[in-house]
Amino acid sequence: MIFKKEILAAFMIITAVGLRAQKAVPVYLDDSRQIEERVQDALSRMTVAEKIGIIHAQSKFSSPGVQRLGIPGIWCTDGPHGIRPDVLWDEWEQAGATNDSCVAFPALTCLAATWNPEMSKIYGESIGEEARYRNKNVLLGPGVNIYRTPLNGRNFEYMGEDPYLTSQMVVPYIQGVQGNGVAACVKHYALNNQEADRDHINVLVDDRALHEIYLPGFKAAVKDGGAWSIMPGYNKYNGEHACENPTLLLDILKGDWGFDGVAISDWGAVHNTDKVAQNGLDMEFGSWTNGLNWGASNAYDDYYLAKPYEKLILEGKLPMKDLDDKAARVLRLIMRTEMNRNRPYGSLNSDEHYAAARRIGGEGIVLLKNDNKVLPIATGTKKILVVGENAIKMMTVGGGSSSLKVQRETLPLDGIKKAAAAKGIDVVYERGYVGDVSGEYNGVKTGQDLSENRSADQLIADAVNAAKDADMVIFIGGLNKSDHQDAEGVDRSDFSLPYQQDKVIEALAAANPNIVVVNLTGNAYSMPWIDKVPGIVQGWYIGSESGNAIADVLFGDVNPSGKLPMTFAKSLTDYAAHATGDTEMYPGVDGDVKYKEGLDIGYRYTDKLKKDRINYAFGHGLSYTTFKIGQPVASSKSYDGNGTITVTIPVTNTGEVNGSEVVQLYVRDEKSSVYRPYKELKAFGKVNLAPGETTDLHLTLDKDAFAFYNPTTNMWTVEPGKFQLLIGNSSDNIGYKLPIDMTKSLSWKD
Ligand code: BGC
């Protein structure tokens, strides 16, 4: 009996303690509750000062939580290709940590070139794990601004010229990141398509181009990817800065798309308390200000959304509801990330992350030209000459905020040497030209000594001599991450390769016709030597595994399957923004840049030109095997907009090695009451096939595939009539045209 009594007493104590404990846990800390309930509970306990406290920065990359309530703050990190090293509290310089090196993943242009959403998933999961391990809860990426001009210095951080491809690729990246309890911050919302005058340039664009070209990537990120944060950029749209723009933030993002996350200003992109308080921005970062004095230190209290905002709230001049909304969004983000106790722990510099970087890199490399099967490198090759600065230059340091401090980076020359050694091939190297010998960004040093004493002529002469003595020449050049190349803050100054590389390539081709040109860039460029070289490879910036991924493709261990995510036109004037040399269209006049070309971006424009105006089309990319795309069959010949249409396409590997092909489906409206581009990408799929194997690829279309944005009604609109489905393996290689009748007229809101 006594025993039973003791048990009962103990039970009562435990229950009482349990009840007390349960009662004592405030709702906002109880993660078995719905997040909304927790957010509202936390908000109801906060003072105005605490609400103000959480909506602006306290250091270069962090914001405070609410200490009194035990709510942690936010730590952001760039993004988008790897986790940036830690900087000092109030400086861009390195904090000097020894545990903040990372794996650099391929640049987003390379990811887009895989045309494989599965690669985006792996990318997002891997980079999300690195962010999580480093205790960052907002990753400043991915970037989805559209490739309007090849001069844009930041194109390498984005996913190319097509809104559909960008939309498909961005969603799995975000989901992969956020699966780690780390918020993706999609940038730079919106119309940040050039770096020239980026802080103030005012973009004037028509509504169709806005909705059909420039917004779909962001819309997909928000509606399909469920992004927890977004970064309004530096530029203006229709006279208002993006961070203060009610159309972009209130009407479209939070209204039409129902965004429930946090709009985080780009660093220093806020200009006015009244506007930023009321027009939809939620958090302010990076202002260099105590009232716009450049360089004031620890000026966080003077931020537009700090004391100045608090004062206006306390004086009753600005409504509390807007502050509550901002604070609630920030709390929601904290609960989704830092206060989510179920999130995984992450990992850093793991073998899996290197493997992911190498795989994505290999799959994104694009084989542009391969005459006489110059690639893969033939068995029997005895000696390879590698020429070019980009073969020996670390490319992960520099370029702006995406600069990284890598744990390791395999350089192209080293990757090639390693693979060649395994096959008994000798590799010799010649510089060929000198480009950018610097190797430091914000205190991260490559440690490379790239100094060179030979004259430009001597460098070419030495390379040419060595070329005569080699079985094969591999030129590795392109752009780099220094100013006016692929770099943040400034645009390129012209379309050609710098440092007289054209001259070097021509001299090498004359000395040894067995030459392959591999260019590492985030942008298209002119190729005056295109007919003089049998092999051209687009290598992008691949990050830590650059050398290995390039060697994998050159030696045939990976069969290339990348496709261009942007048009490689012949000259700058073959891009609509530059077609007439109108400076109002680029870089802008008196602060305005006018997107007069409307929808005609990339192939939408070059489809109107003679074929010889492009070097390599959007969607182009070769393989070491061959494919046959068989007769596609649509599930129906007419469509009323209900449900979906499926197109079944048999694809056969008709060559001798395993390989992957990307089948692309473009929709063409034969007759429309408004201008429509000749064709637009609306579906694609990638299949991997063994030699001789055939598989059916199924591509699905819904009503979105046939719609245009009607600026009069602000509705997506489909007009009845004849359409065509154009199917091929590149935008300039369409093998099939299937007619399809739209039987109804449709319209709907976002
Ligand atoms: C860039 C952003 C970046 C931020 C923080 C800005 O200058 O435009 O992309 O995330 O700095 O480094």
Side-chain angles (χ1 to χ4, degrees), residues 56-63 74-95 100 102 107-109 127 131 134 136-145 152-159 170 173-174 177 182-201 217-218 221 227-236 241-243 262-271 281 283-289 294-295 300 303 397-405 441-444 481 483 486-491 522:
H56 64 87
Q58 63 174 357
S59 76
K60 278 272 170 274
F61 283 98
S62 75
S63 61
I74 289 177
W75 282 89
C76 305
T77 174
D78 284 297
H81 305 140
I83 307 308
R84 186 175 180 162
D86 288 329
V87 298
L88 291 169
W89 188 256
D90 192 38
E91 301 293 335
W92 291 108
E93 283 308 305
Q94 298 308 292
D100 59 352
C102 67
L108 293 192
T109 36
I127 196 171
R134 294 258 314 274
K136 310 296 181 190
N137 32 30
V138 176
L139 175 71
L140 305 175
V144 293
N145 295 94
N152 180 10
R154 286 189 97 170
N155 276 336
F156 70 103
E157 293 184 65
Y158 305 138
M159 299 192 188
V170 73
Y173 180 118
I174 292 168
V177 169
V182 173
C185 185
V186 189
K187 61 194 195 184
H188 303 91
Y189 183 69
L191 300 160
N192 189 169
N193 307 105
Q194 65 185 56
E195 291 298 287
D197 195 19
R198 72 168 176 175
D199 293 337
H200 304 289
I201 193 75
F218 292 102
W228 292 337
S229 61
I230 195 165
M231 183 190 288
Y234 289 119
N235 56 291
K236 293 180 189 162
H241 276 101
C243 286
V262 182
I264 301 176
S265 74
D266 199 346
W267 268 231
V270 174
H271 306 84
L281 192 89
M283 273 190 115
E284 180 184 5
F285 270 88
S287 302
W288 276 98
T289 173
W294 173 264
Y300 302 100
Y303 273 30
V397 176
S401 55
S402 62
S403 180
L404 296 170
K405 177 171 139 191
Y441 188 83
N442 275 167
V444 175
K481 300 286 187 65
D483 281 359
D486 286 320
E488 180 178 338
V490 276
D491 280 349

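Atom set for the values below is all heavy atoms of this structure, side chains included, hydrogens, waters and symmetry mates excluded. Indexing begins at 1, ligand by ligand and atom by atom, following the structure's order.
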Between D78 and K187, does any side-chain N to carboxylate O distance fall below 4.0 Å?
yes

Of the backbone atoms (N, CA, C, O) and the side-chain heavy atoms from C-beta on, which set of F285 has a member under 4.0 Å from an atom of ligand 1: side chain, backbone, both, or neither?
neither

Which atoms of ligand 1 sit under 4.0 Å from any heavy atom of R84?
12 (O)

Once you measure the plane-to-plane angle for W267 and F61, does it fall in the parallel (<30°), tilted (30-60°) or perpendicular (>60°) bin?
tilted

Under 4.0 Å, counting heavy atoms only: does H188 come that close to any atom of ligand 1?
yes

Could you tell me, atom by atom, which parts of ligand 1 come under 4.0 Å of a heavy atom of L140?
10 (O)

May I ask you to check if ligand 1 and D78 share an N or O to N or O distance below 3.5 Å?
yes

What atoms of ligand 1 come within less than 4.0 Å of a heavy atom belonging to K187?
2 (C), 3 (C), 9 (O), 10 (O)

What part of R154 sits under 4.0 Å from ligand 1 if we count only heavy atoms: the side chain, the backbone, both or neither?
side chain

N or O contact, W267 vs ligand 1, cut-off under 3.5 Å:
no

Would you call the rings of H241 and H200 parallel, tilted or perpendicular, taking 30° and 60° as the class edges?
perpendicular

Suppose we measure from atom 2 (C) of ligand 1 to each protein heavy atom; which comes out shortest, and what is that distance?
D266 OD1, 3.3 Å

In terms of ring plane angle, is the pair H81 and F156 parallel, tilted or perpendicular, where the classes change at 30° and 60°?
tilted

Side chain or backbone of R198 under 4.0 Å from ligand 1, or both, or neither, by non-hydrogen atoms?
side chain

May I ask you to test the I74-M283 pair for a side-chain heavy-atom distance under 4.5 Å?
yes

Under 4.0 Å, counting heavy atoms only: does M231 come that close to any atom of ligand 1?
yes

Applying side-chain hydrogen bond (donor to acceptor under 3.5 Å, both in side chains) to S401 and not counting sequence neighbours gives R154, E488

List every atom of ligand 1 that sits less than 4.0 Å from any heavy atom of S401, numbering the atoms from 1 in the order shown and giving each element.
1 (C), 2 (C), 3 (C), 9 (O), 12 (O)

Is there a side-chain contact between T109 and M159, using heavy atoms and a 4.5 Å cut-off?
no

Only counting residues at least two apart or in another chain, list the ones meeting salt bridge (Lys or Arg N to Asp or Glu O under 4.0 Å) with R134.
D86

